[in-house]
Asker: 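The structure under discussion is supplied below as structure tokens; questions concerning it will follow.
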Number of protein chains: 2
Amino acid sequence: MSNLKSHASDAPSSVRASSNKPSTQKRILDTAERLFAREGFEQTSLRQITQEADVNLASVNYHFGSKKALIQAVVARYMDVFMPALDEELRGLDDESALTTLQVFEAFKLPLFSLNGIHKRGTERFLRLLGFAYSETQGHLRRYTQSAFGNVLQHLLALLHRANPELSDEEMFWRLHFVLGATVFAQVSGQALIEIARAEFNHEVNIKTVIEHLIVFIAGGLERP
Amino acid sequence: MSNLKSHASDAPSSVRASSNKPSTQKRILDTAERLFAREGFEQTSLRQITQEADVNLASVNYHFGSKKALIQAVVARYMDVFMPALDEELRGLDDESALTTLQVFEAFKLPLFSLNGIHKRGTERFLRLLGFAYSETQGHLRRYTQSAFGNVLQHLLALLHRANPELSDEEMFWRLHFVLGATVFAQVSGQALIEIARAEFNHEVNIKTVIEHLIVFIAGGLERP
DNA sequence: GATTAAATTAAACGCATGTTTAAAATGTGT
DNA sequence: ACACATTTTAAACATGCGTTTAATTTAATC
């Protein structure tokens, strides 16, 4: 944590001077993201990351301090885009007169797809990172999310209660966690499932399709009387 | 795999002769089960198991051949009870005239609760083992389940299709995996969630309650038009 | 261009894992 | 009681991990 060298978070020069190669920091971040999203955090070693990024093993600890901090940096890059976008979408629902569960979940779509601005397959990567963050127990990530974006999550819960006033707090508690489970699982097993589906149904399947299916499903489960 | 000593699967003498202590094999199996269900497969080391079981480290490899084989033996002990029981329940639904999704999922309840015959908290343990088997990628376990009990799972799929004839194969495919996700997640995060719920709602929460909530949720998600 | 500061490098450290080995202990059949 | 097979044991093996160190190279500053 505090082991970080002072210059590590200095902002500007993200591109090396007289070279078209991205900086070491960015190379590490990009490669780590790709591998984390594919294999999970624990399954990905620093040696694997540094080798594929073509940087020295020790540079991860030099630039980020520790593997934990690297994980957090990778996730934060997406969170910092996603959460404000979601926040705005949720605010747009505050004035809705007859709010439905489906509306609330569909508010996730734009923020999710906007992540493709970060990377070509940003949506997919973010969801898989999230999935691993929860299925592996990366407590520090949960704490970071809760403390940095807790208010957004509170807002979400309030809207869901407004859309389902007949559900008790306890029922909402359980169903929300089931929603989370279905979502996380769909992403972690996502790539494998997409391939199976492709072979089985003889047409292209992409992340958008999966999300559409998922949203209908979780809305159905959550609204169940 | 084939490294197993020939006597390892010899059936009978599960209790040592002139001693009230269970056999080494059983001690390993019981302790491994307890730890696997609590921490997951990868998080539990053989040293932890053998230490708590009070047996020698090497005896796991002697009796089971490898850690993978031990994991499989632990899971199989439950599968061999659960799957036939589920099979029987599902057969009971074949003659149902107006089959509902809820009926299909409720057919899981008895087989699940029957696992408490194996261990006091057998239901909970089995579900958590299953959860870890899927969230960690224990491919060999998936293969074993598929090959040993594939017919039961096929039967389940057929019944769900009968209860929801309007759903396409593809929709059923996705929803079934979301169901699996919600279930697995609920169990892996289960203990933590149960404790939060207990504190939040000031009354006892047990595994049965969670399953009741879950079944309603997944039936709602799956039936969604 | 000399002097600092920052970044990179190769190597080692310390620890934990699953597995194997070979000797000792225990049990079994005659 | 002997001979043999089975089981248990302590120790080492081989591998992989995140991290640290100390020296070198590169960049920036005066």
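Just so you know, these numbers use all the heavy atoms, side chains as well, and skip hydrogens, waters and symmetry mates. Quick note on labels: first sequence line is chain A, next is B, and so on, each numbered from 1. Not measured: the values here are computed from a predicted model.
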Asker: I want to know whether Phe126(B) and Phe82(B) have ring centres closer than 6.0 Å.
Answerer: yes
Asker: Ser59(B) side chain N/O closer than 4.0 Å to the phosphate oxygens (OP1, OP2) of dT7(D)?
Answerer: no
Asker: Take atom OH of Tyr62(A) and atom P of dA7(C), then tell me their distance rounded to the nearest Å.
Answerer: 4 Å
Asker: Looking at Phe173(A), is its backbone amide N or carbonyl O close enough to the side chain of His177(A) to form a donor-acceptor pair, meaning the two atoms are under 3.5 Å apart?
Answerer: yes
Asker: Have Glu170(B) and His203(A) got a donor and an acceptor in their side chains that come within less than 3.5 Å?
Answerer: yes
Asker: Round to a whole Å and report the spacing from CG of Asn56(A) to P of dT26(D).
Answerer: 14 Å
Asker: Mind checking whether His140(B) and Ile71(B) have side chains closer than 4.5 Å, heavy atoms only?
Answerer: yes
Asker: Thinking salt bridges, do Glu88(A) and Arg91(A) make one under a 4.0 Å N-O criterion?
Answerer: no
Asker: Which whole-number value in Å describes the distance from Phe64(B) CZ to dT19(C) C1'?
Answerer: 16 Å
Asker: Rounded to the nearest angstrom, tell me the gap between atom CD in Glu39(B) and atom C1' in dT17(C).
Answerer: 16 Å
Asker: What is the separation between atom CD1 on Ile28(A) and atom P on dT8(C), rounded to the nearest whole Å?
Answerer: 8 Å
Asker: Could you go through nucleotides 12-18 of chain D and list every protein N or O atom that sits under 3.5 Å from one of its N or O atoms, giving the distance for each pair?
Answerer:
from	atom 1	to	atom 2	distance (Å)
dC17(D)	OP1	Ser45(A)	OG	3.3
dG18(D)	OP1	Lys67(A)	NZ	2.8
dG18(D)	OP2	Leu46(A)	N	2.9
dG18(D)	N7	Arg47(A)	NH1	2.7
dG18(D)	O6	Arg47(A)	NH2	2.8

Asker: Among dT8(C), dT20(C), dT20(D), which nucleotide has an atom closest to any side-chain atom of Ala58(B)?
Answerer: dT20(C)
Asker: List in chain and number order the residues that pass side-chain hydrogen bond (donor to acceptor under 3.5 Å, both in side chains) with Lys208(B), two or more places apart in sequence or in another chain; answer none if no residue qualifies.
Answerer: none
Asker: For His63(A) and dT8(C), is the shortest distance between a side-chain N/O and OP1 or OP2 below 4.0 Å?
Answerer: yes
